[in-house]
Amino acid sequence: MSRYRDIIKFRKSFDLVTNWVHYPIAGFLCTLLSFTSITPNQITLLAVLSELGAVYCILTDFESTRIWIVALLQLGWILDLMDGMMARYKKIGYYHPTNPTLKGYYWDSVSDHALRSLVLTSLGYYLTQQNQNWVILAFLGISIHAITQVEHILRDFILKNADENKSGNGNSNSLINHFVLLINNIYLYYFIFILWNRIELLFIFLPTFQFMLLIKRFFQFSFSDY
């Protein structure tokens, strides 16, 4: 139990569902794996395989494998949380005190964005196979997601290189920020709309909220002293 408490201290803050559902599971699994020789990079590989398995199920037999798809995607997110937490706990890779390396950090970050785009693209493909009229809906959804991902990467890069006194994003504990993080949790959309078999609604709600968040950030930077 003490090891679990030590490991869970290294989690980052996300939305409420991630903080209260996914992270406790990730912390428990990290505690078990901390007694083994499994590395954070190997955990990243497991996350990639898990989400690729979900993509395979989406493209081959979506209707009868929806539960498996959701399970694999949620497992992928849990494993994605685990690799960074394990690296910080064991002080290896990017967090090594004397010889840090960016390899694990790079593969973790790249796989995160690439897999989310791949999963969303496969869902868009499935949607268009069900109804050709939803091609534009799928295209817009994937495009808006891609734009928000690029904005997110560039914004983080800019803030990390900005003056430390100007790099804050406000009160991260505010209810508004918690709500914004929650509606931007793509794994929550997977859980709800894949199980419900309403992929068209996923491509309506997710891009809408992501576009609203993008506009919010544009205004945030336009009228701030960054």
Side-chain angles (χ1 to χ4, degrees), residues 1-36 38 40 42-55 57-58 62 65-90 108-109 111-120 122-123 145 148-149 152 169 171-199 201-203 205-210 212-213:
M1 192 65 182
S2 61
R3 181 170 289 213
Y4 171 82
R5 288 194 294 267
D6 290 339
I7 290 175
I8 205 70
K9 288 189 302 185
F10 292 100
R11 68 181 185 178
K12 295 181 179 180
S13 181
F14 287 95
D15 59 276
L16 294 175
V17 173
T18 298
N19 292 341
W20 291 98
V21 177
H22 295 93
Y23 251 133
I25 299 173
F28 173 74
L29 294 177
C30 267
T31 302
L32 296 179
L33 294 181
S34 67
F35 294 98
T36 72
I38 292 178
Q42 290 171 333
I43 296 175
T44 299
L45 178 60
L46 291 175
V48 171
L49 294 176
S50 181
E51 298 209 17
L52 286 178
V55 170
C57 291
I58 292 169
F62 178 86
T65 60
R66 280 181 291 153
I67 294 177
W68 280 108
I69 292 168
V70 170
L72 288 169
L73 289 173
Q74 301 304 313
L75 176 61
W77 179 222
I78 290 169
L79 290 167
D80 184 34
L81 299 173
M82 288 171 58
D83 55 12
M85 196 158 47
M86 184 72 83
R88 289 187 287 274
Y89 172 70
K90 290 190 172 183
D108 181 33
S109 299
S111 63
D112 284 352
H113 295 290
L115 285 170
R116 289 171 193 172
S117 297
L118 182 60
V119 171
L120 202 61
S122 64
L123 288 171
H145 175 75
T148 57
Q149 293 304 295
H152 172 77
N169 287 311
N171 182 10
S172 61
N173 293 318
S174 71
L175 290 176
I176 293 177
N177 282 327
H178 278 306
F179 177 72
V180 168
L181 288 171
L182 187 63
I183 63 175
N184 198 45
N185 182 348
I186 195 169
Y187 292 91
L188 186 59
Y189 290 89
Y190 293 156
F191 182 83
I192 295 172
F193 294 112
I194 291 177
L195 283 182
W196 191 14
N197 197 11
R198 297 299 301 271
I199 305 304
L201 294 182
L202 184 151
F203 278 94
F205 285 102
L206 176 63
T208 299
F209 287 129
Q210 287 187 328
M212 292 169 59
L213 181 59

**OP:** For Leu115 and Asp80, run side chain to side chain contact (heavy atoms under 4.5 Å, CB included): C-alpha distance rounded to whole Å, both residues' side-chain angles, the deciding distance at 0.1 Å, then the answer.
**Re:** CA-CA 11 Å; Leu115 285 170; Asp80 184 34; over 6 Å; no
Original post:
Going through the distances and angles, do Phe203 and Phe193 end up as a side chain to side chain contact (heavy atoms under 4.5 Å, CB included)?
Top reply: CA-CA 10 Å; Phe203 278 94; Phe193 294 112; over 6 Å; no
**OP:** Could you check Met86 against Ile38 for side chain to side chain contact (heavy atoms under 4.5 Å, CB included), going step by step and ending with a plain yes or no?
**Re:** CA-CA 10 Å; Met86 184 72 83; Ile38 292 178; over 6 Å; no
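Of all heavy-atom pairs between Ala47 and Gly76, the closest is CB-O, 3.7 Å. Here the closest heavy-atom approach between residue Thr36 and residue Lys90 is recorded as O-NZ, 3.4 Å.
Checking Thr18 against Asp15 by side-chain atom types alone, a donor-acceptor pair falls below 3.5 Å.
Within the 4.5 Å cutoff, side-chain heavy atoms of Val70 are placed close to those of Gln74. Looking at heavy atoms from C-beta onward, Phe209 lies out of side-chain contact with Asn184 at the 4.5 angstrom threshold. Between Phe62 and Leu123 there is a side-chain heavy-atom pair separated by less than 4.5 Å. Residues Ile183 and Phe179 meet the side-chain proximity criterion, which asks for heavy atoms closer than 4.5 Å. Contact check for Arg66 versus Trp196: no side-chain heavy atoms found under the 4.5 Å cut-off. Contact of the Leu75 side chain with the Glu51 side chain is not registered, since no non-hydrogen atoms from C-beta on lie closer than 4.5 Å.
Between the CD atom of Gln42 and the CG atom of Leu79 there is a distance of 12.5 Å, given to the nearest 0.5 Å. In this structure, SG in Cys30 is found 6.0 Å from CD1 in Ile7, a value given to the nearest 0.5 Å. Put simply, CG on Leu202 and CD1 on Ile194 are 7.0 Å apart, with the number rounded to the nearest 0.5 Å. Note that CG of Leu49 and OG1 of Thr44 are 11.0 Å apart. Values are rounded to the nearest 0.5 Å. A distance of 8.0 Å separates CD1 of Ile58 from OG1 of Thr65, quoted to the nearest 0.5 Å. If you take NE2 on His145 and OG on Ser117, they are separated by 4.0 Å, rounding to the nearest 0.5 Å.
The environment of Phe28 atom CZ is sparse: at most 12 non-hydrogen atoms of other residues, nucleotides or ligands sit within 6.0 angstrom. Within 6.0 Å of CG on Leu32 lie more than 12 heavy atoms contributed by other residues, nucleotides or ligands.
A search for ring pair (Phe, Tyr, Trp, His ring centres under 6.0 Å) contacts involving Phe14 returns Trp77, not counting sequence neighbours. When the side chain to side chain contact (heavy atoms under 4.5 Å, CB included) test is applied to Ile8, the partners found at least two apart in sequence or on another chain are Tyr4, Arg11, Met85. Evaluation of the ring pair (Phe, Tyr, Trp, His ring centres under 6.0 Å) rule for Tyr190 yields Tyr187 as partners, not counting sequence neighbours.
A salt bridge is absent between Asp83 and Arg88: the closest approach of a Lys/Arg side-chain nitrogen to an acidic carboxylate oxygen does not fall below 4.0 angstrom.
Looking only at distances, no side-chain donor or acceptor of Thr148 sits under 3.5 Å from a matching main-chain atom of Gln210. Side chain of Ser50 to backbone of Leu46: no donor-acceptor contact under 3.5 angstrom is found.
Exactly one residue among Ile69, Leu73, Leu52 makes a side chain to side chain contact (heavy atoms under 4.5 Å, CB included) with Cys57. That residue is Ile69.
For the pair Arg3 and Phe35, the distance from NZ or CZ to the six-membered ring centre is under 6.0 Å and the angle to the ring normal is within 45 degrees.
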